[in-house]
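Position 1 is the first residue of the sequence, and the numbers go up from there.
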Amino acid sequence: PRLGASIDVDAPDGNEAAPVRLTSTEAQVMRLLAEGKTNRAIAREMFISINTVKTHVRAIFQKLGVNSRGCAVTQAIVTGLIDWPGLTGA
């Protein structure tokens with residue numbers, strides 16, 4: 001393939017941040033975080049280890065640019081990554 005032959009239409013133009021994309025597993029973990037579940041509860045529900053949950057939580061934090069669960073949930077709601085009951089698009 002030629003260098004520069006493809007254009008990423010989702011690439012930021014310098015004025016906006018790149019859209020956040022979570023893997024399907026990260027999205028599931030994010031929804032469970034929003035429900036207030038602990039890492040242990042998430043691990044049980046998803047049939048994965050607590051360390052795997054922690055890895056997904058760290059990846060979510062990095063992608064969202066946050067450092068707490070509450071901020072991750074808020075950012076995920078604001079960016080439309082998860083739906084929040086009673087919240088409609090403004």
Side-chain angles (χ1 to χ4, degrees):
R2 277 185 325 179
L3 183 62
S6 67
I7 298 172
D8 183 357
V9 295
D10 291 328
D13 63 7
N15 294 332
E16 59 185 61
V20 175
R21 290 198 175 90
L22 300 179
T23 66
S24 60
T25 306
E26 288 168 351
Q28 188 175 0
V29 169
M30 186 68 250
R31 283 189 293 275
L32 295 171
L33 283 176
E35 292 175 12
K37 304 224 178 195
T38 63
N39 288 351
R40 184 178 304 271
I42 293 169
R44 278 195 210 117
E45 187 163 331
M46 294 181 66
F47 302 102
I48 59 178
S49 76
I50 292 175
N51 284 335
T52 301
V53 173
K54 289 178 183 179
T55 297
H56 289 306
V57 171
R58 277 194 302 271
I60 291 166
F61 283 11
Q62 184 174 15
K63 288 179 179 184
L64 294 177
V66 299
N67 59 8
S68 74
R69 295 161 89 90
C71 287
V73 171
T74 301
Q75 190 68 14
I77 292 167
V78 168
T79 58
L81 290 173
I82 59 174
D83 294 323
W84 192 254
L87 185 66
T88 57

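Partners of T52 by side-chain hydrogen bond (donor to acceptor under 3.5 Å, both in side chains), not counting sequence neighbours, listed by chain and number: S49. Remark: E45 pairs with K37 by the side-chain hydrogen bond (donor to acceptor under 3.5 Å, both in side chains) rule, at least two apart or across chains.
To the nearest 0.5 Å, atoms CG (N39) and CG (L33) are separated by 7.0 Å. Taking CD1 of I50 as the start and OG1 of T55 as the end, the distance is 12.0 Å to the nearest 0.5 Å.
Summarising the geometry of F61 relative to A72, their closest heavy-atom pair is CE1-CB, 3.8 Å, with the distance given to 0.1 Å.
At least one side-chain heavy atom of M30 sits under 4.5 Å from a side-chain heavy atom of V73. You'll find the side chain of V53 stays beyond 4.5 Å of the side chain of M46, heavy atoms only. The shortest distance between side-chain heavy atoms of H56 and I42 does not fall below 4.5 Å.
Pairs of residues two or more places apart, or lying in two chains, never qualify as salt bridge (Lys or Arg N to Asp or Glu O under 4.0 Å) while including a residue from residues 50-59. Sorted by first and then second residue, the salt bridge (Lys or Arg N to Asp or Glu O under 4.0 Å) pairs involving residues 72-81 (not counting sequence neighbours) form an empty list. Judged as a salt bridge (Lys or Arg N to Asp or Glu O under 4.0 Å), the pairs with a partner in residues 61-71 (not counting sequence neighbours) are, in order, E26-K63.
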Could you give the side-chain donor-acceptor pairs of residues 75-82 under 3.5 Å, partners two or more places apart or in another chain?
{"unit_1": "T79", "atom_1": "OG1", "unit_2": "Q75", "atom_2": "O", "d": "2.7"}
{"unit_1": "T79", "atom_1": "OG1", "unit_2": "A76", "atom_2": "O", "d": "3.4"}

